[in-house]
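Accompanying notes for the structure given below.
The analysis underlying the following values was restricted to heavy atoms, covering all of them including side chains, and did not include hydrogens, waters or symmetry mates. A note on names: the letters A, B, ... follow the listed sequences, proteins ahead of strands, and every chain is numbered from 1.
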Amino acid sequence: MISKGEQVIREWYRQKNWTQFAFQKEMADAYLSGFSGLLNAPTGSGKTFALFLPFLADFINKHPENYTTQKNNGLLMLWITPLRALTNDIKKAMQEVCNDIGLPWTILTRTGDTSAADKAALKKKLPEVLLTTPESLHLMLAQKEYPKMFQNLQVVVIDEWHELLGTKRGVQVELGLSKLKTRSPLGEGWGGLRIWGISATIGNLEQAAEVLLGNDFPAERIKMVRANLDKKLDIRSVIPENIENYSWAGHIGVKLLPQVMEIVARSKTTLIFTNTRSQSEIWYHAILDNYPEYAGVMAMHHGSLDNELRNWVEQALHAEALKVVVCTSSLDLGVDFRPVDTVVQVGSPKGVARFMQRAGRSGHHPGAVSRAYFVPTHSLELLEGAALKQAIKQGVFESRDPMLLTMDVLIQYMVTLAVSDGFRADELYSEVKSTFAFADLRRDEFNQLLDFITNGGKTLAQYDEFLKVEIENGLYKVNSRRVAMRHRLSIGTITSELSIRVKWLSGGSLGTIEEGFVAKLKPGNTFWFAGRSLEFIRVKEMTAYVKKSNAKKGLIPSWAGGRMPLSSQLSAVFRDKLDEVAHGIEQDIEVKALKPLFDLQAQLSHLPQRHEFLIESFKSREGHHLLFYPFEGRLVHEGMASLLAYRISKIKPASFSIAMNDYGFELLTDEDIPIEKALEDVAFFSIENLLDDIQSSLNSNEMARRRFRDIAHIGGLVFTGYPGQPVKNKHLQASTSLLFEVFNEYEPDNLLVRQAYNEALAFQLEEFRLRAALQRISTQTIVLKTIERPTPFAFPIMVDSLGRERLTTETMEERIAKLARNYAVDDTEKLPKTRNRKPGITRKKGF
DNA sequence: GACCTGCTGCGGATTG
């Protein structure tokens with residue numbers, strides 16, 4: 001005997017002519033039996049229905065006779081997604097089902113886009129289902145009498161949980177949930193509220209569920225539902241026709257444009273993913289220049305383009321009006337674009353999961369094949385193509401590590417609650433302790449935070465602006481309207497640099513570029529942005545005004561952003577591939593194509609096997625070069641380079657400059673380096689004294705100061721300004737820097753400062769990975785080769801070397817002069833030609 | 001001739 005609700009679901013699938021997948025049945029069973037848990041399903045697999053339909057069935061079962069007239073029960077389902085854009089898509093799908101089965105419900109969304117009138121209406125009459133973002137959830141918690149809003153809540157769904165996990169937005173979700181569970185009508189604690197996460201496949205699914213549900217969730221009420229859909233992937237590398245002439249270094253990859261355009265021509269709709277916004281612009285421009293027939297059926301999509309422009313592109317993709325879109329990861333999530341049948345990835349995707357995610361953008365029908373091409377931007381990167389295929393075959397996925405004890409997020413949350421109805425310390429402490437993130441929060445730490453929001457802590461007590469929260473009969477409350485307003489304005493954990501808006505003189509916005517780029521422009525200059533040729537007119541009030549230009553050439557802006565290292569999973573498979581090469585047992589076409597390159601590497605130096613660690617040493621007019629190849633990603637290399645430089649300098653004082661990429665790093669000095677002696681020293685690669693040596697070798701103070709900027713924003717120590725009137729970056733930097741100094745000097749045990757140091761260690765240095773890499777190297781056989789000239793492994797690193805960082809305080813002028821004097825012409829002349837870089841241009845420090 | 005790495009994500013008041 002099946003229930004009325006289940007009948008309705010089945011009937012709905014039948015009418016749609018859809019088959020109900022096994023995982024959808026399993027999901028319905030779990031839901032209807034009252035479980036909470038995690039649904040592991042890829043986008044476009046019908047996961048929304050998998051959760052929404054059982055929820056409806058459950059409701060129908062409670063009112064089997066008259067469900068079509070039931071309404072106004074209050075908010076029953078809260079659906080949280082990380083993306084504003086997704087809320088409307090999902091709302092449409094849900095509303096359709098309700099209409100189909102005759103349920104008189106309105107599905108609403110509440111995000112920053114929601115009009116003030118709708119937000120006010122929402123307070124008066126609650127919808128049965130509400131779709132929102134983590135930030136909006138916290139804004140709701142900052143409203144007076146917010147418990148009323150959630151008093152009937154039955155289920156919370158966190159969509160794309162893998163996207164939030166591992167970020168401070170994820171911690172925000174954990175805290176929000178810890179509050180909602182206490183508001184459940186079905187009993188205190190985890191009495192009845194069901195919580196479901198939806199996640200794509202990641203390396204730590206079990207942990208993802210654990211983090212979502214918190215520490216006190218009864219294990220017997222947790223289910224993991226997996227959509228074992230067999231998605232067919234067809235992955236191919238684009239192999240340069242003449243590998244011996246292909247660049248040894250470089251990141252743009254435009255040389256392979258003809259091959260890519262052949263793929264585009266063969267396909268219906270292609271997404272070309274690039275790794276940076278600037279690279280998107282360059283590729284778009286290159287296509288327009290060389291294949292003008294694509295004008296009109298080609299578009300671009302990245303994070304600095306105006307929203308309106310991006311919405312248009314998304315619509316046009318749906319409407320099958322576009323043949324090719326050049327984009328960054330701004331298109332690798334969310335909305336499903338059915339017409340897309342081919343994905344091209346230009347340059348290393350840096351991780352297996354990211355590549356899968358992007359490949360999955362093509363062939364978005366059940367049963368369709370996802371077709372993805374990998375385009376290397378330099379020769380050695382082709383080996384990553386082989387590694388990617390192997391990793392996918394083996395099902396190797398990166399994990400998303402949950403963030404722990406993020407005090408800035410907690411402070412923000414405490415003030416949020418104080419702004420609305422206020423909180424009591426003991427109660428809040430136990431709620432917060434129930435989250436995964438704050439399971440280890442000590443009471444004295446919590447008290448320190450309480451002291452901080454009420455008295456400004458030890459150091460800021462005399463400044464009124466830090467005394468936000470007052471205590472009335474044990475209730476922590478914000479009474480100042482100004483403090484409350486400012487706080488609501490700064491809820492959220494995403495911080496970003498100030499940018500300059502680009503607008504037509506005639507009105508209408510194109511997007512944003514960075515201050516530094518605008519500073520390079522003179523009125524009348526042409527630059528390319530958003531795929532158009534623009535003439536720069538002037539800057540006024542954070543806006544650059546432009547008009548259309550007919551110039552064919554122009555500067556292309558670049559943006560400063562995060563630098564993702566090669567993931568440790570992909571690095572490991574990359575090393576496996578290299579081992580195959582060294583043993584001559586390579587099978588992959590990528591590796592076979594690279595044979596000439598590897599032969600040269602073997603001839604000039606050595607091809608390391610799994611148990612070997614290669615170090616190359618050579619002298620040029622620039623000085624003594626040492627090259628190390630851990631193949632562990634650039635962040636680890638950066639840390640390891642500084643560490644080894646420090647350890648060498650203990651044997652013989654020297655000043656080093658450092659260059660690195662995802663495969664290895666270089667140490668360069670004008671002194672003779674006693675490398676053999678250093679290698680004899682057992683402690684050279686040792687993890688003993690690692691933290692101390694890191695402290696001495698790197699400017700950890702500066703690294704922490706950088707992290708502290710964001711922490712201070714999130715923790716509400718600085719006010720970033722009213723909408724439309726941002727506080728100047730310079731001022732913000734000065735004030736966070738000052739705060740950092742003050743804490744460092746007078747309150748070294750300050751929790752936010754401690755957090756800054758921890759974040760720097762974990763994210764800037766990837767300390768955990770660095771440790772593992774050193775341990776691996778200490779078991780390997782060191783192969784030290786003296787080489788005559790840069791090898792295929794060395795060259796890409798050395799090309800980047802002009803952006804190298806000085807470990808000593810040698811001034812810039814001296815450096816440039818020395819470079820100009822010593823630039824080793826005879827060494828570089830023989831090398832394959834790559835892009836030109838102006839000597840003397842330095843890249844900003846990484847931290 | 002220039003450009004030649006560096007992603008993504010959200011939210012928002014009041015006064016005059």
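Spacing between atom NE2 of A:His251 and atom C1' of B:dT5 amounts to 6 Å, rounded to whole angstrom units. When rounded to the nearest whole Å, the span between CZ of A:Phe517 and C1' of B:dT5 equals 15 Å. For the pair A:Ile252 CD1 and B:dC3 P, the computed distance is 13 Å after rounding to whole Å. The distance from atom CD1 of A:Ile513 to atom P of B:dG6 is 14 Å, rounded to the nearest whole Å. The distance from atom CH2 of A:Trp528 to atom P of B:dC4 is 17 Å, rounded to the nearest whole Å. Rounded to an integer number of Å, the gap from A:Gln143 CD to B:dA13 C1' is 13 Å. Distance, A:Tyr284 OH to B:dC3 P: 22 Å, rounded to whole Å. We find that NE2 of A:His285 is positioned 13 Å from C1' of B:dG1, with the value rounded to whole Å.
Using a 4.0 Å cut-off between a side-chain N of Lys or Arg and a carboxylate O of Asp or Glu, A:Lys168 and A:Glu759 qualify as a salt bridge. Ionic pairing of A:Arg400 and A:Glu163 is present here: one or more N-O contacts between side-chain nitrogen and carboxylate oxygen are shorter than 4.0 angstrom.
For A:Arg481, whose side chain is taken as the heavy atoms from C-beta onward, the closest listed nucleotide among B:dC3, B:dA13, B:dT14 is B:dT14.
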What donor-acceptor contacts under 3.5 angstrom involve side-chain atoms of residues 489-497 of chain A, with partners at least two apart or in another chain?
from: A:Ser490; atom 1: OG; to: A:Arg486; atom 2: O; distance (Å): 2.9
from: A:Ser490; atom 1: OG; to: A:His487; atom 2: O; distance (Å): 3.4
from: A:Thr495; atom 1: OG1; to: A:Asp710; atom 2: OD1; distance (Å): 3.0
from: A:Thr495; atom 1: OG1; to: A:Asp710; atom 2: OD2; distance (Å): 3.2
from: A:Glu497; atom 1: OE2; to: A:Arg709; atom 2: NH2; distance (Å): 2.9

Audit row: A:Ser509, A:Arg501, side-chain hydrogen bond (donor to acceptor under 3.5 Å, both in side chains) steps and yes/no: CA-CA 7 Å; A:Ser509 166; A:Arg501 187 150 289 282; 2.7 Å; yes
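Considering CD of A:Gln412 and OG1 of A:Thr416, their distance stands at 5.5 Å, rounded to 0.5 Å.
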Encode nucleotides 7-12 of chain B as B, S and - characters from 5' to 3', where the letter depends on protein heavy atoms closer than 4.0 Å: B to the base, S only to sugar-phosphate, - to neither. BSBBSB
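Every residue two or more places apart in sequence or in another chain that forms a side-chain contact (heavy atoms from CB on, under 4.5 Å) with A:Ala353 is listed here: A:Phe397, A:Glu398.
Within 4.0 Å of A:Gln725, counting heavy atoms only, lies at least one base atom of the nucleic acid.
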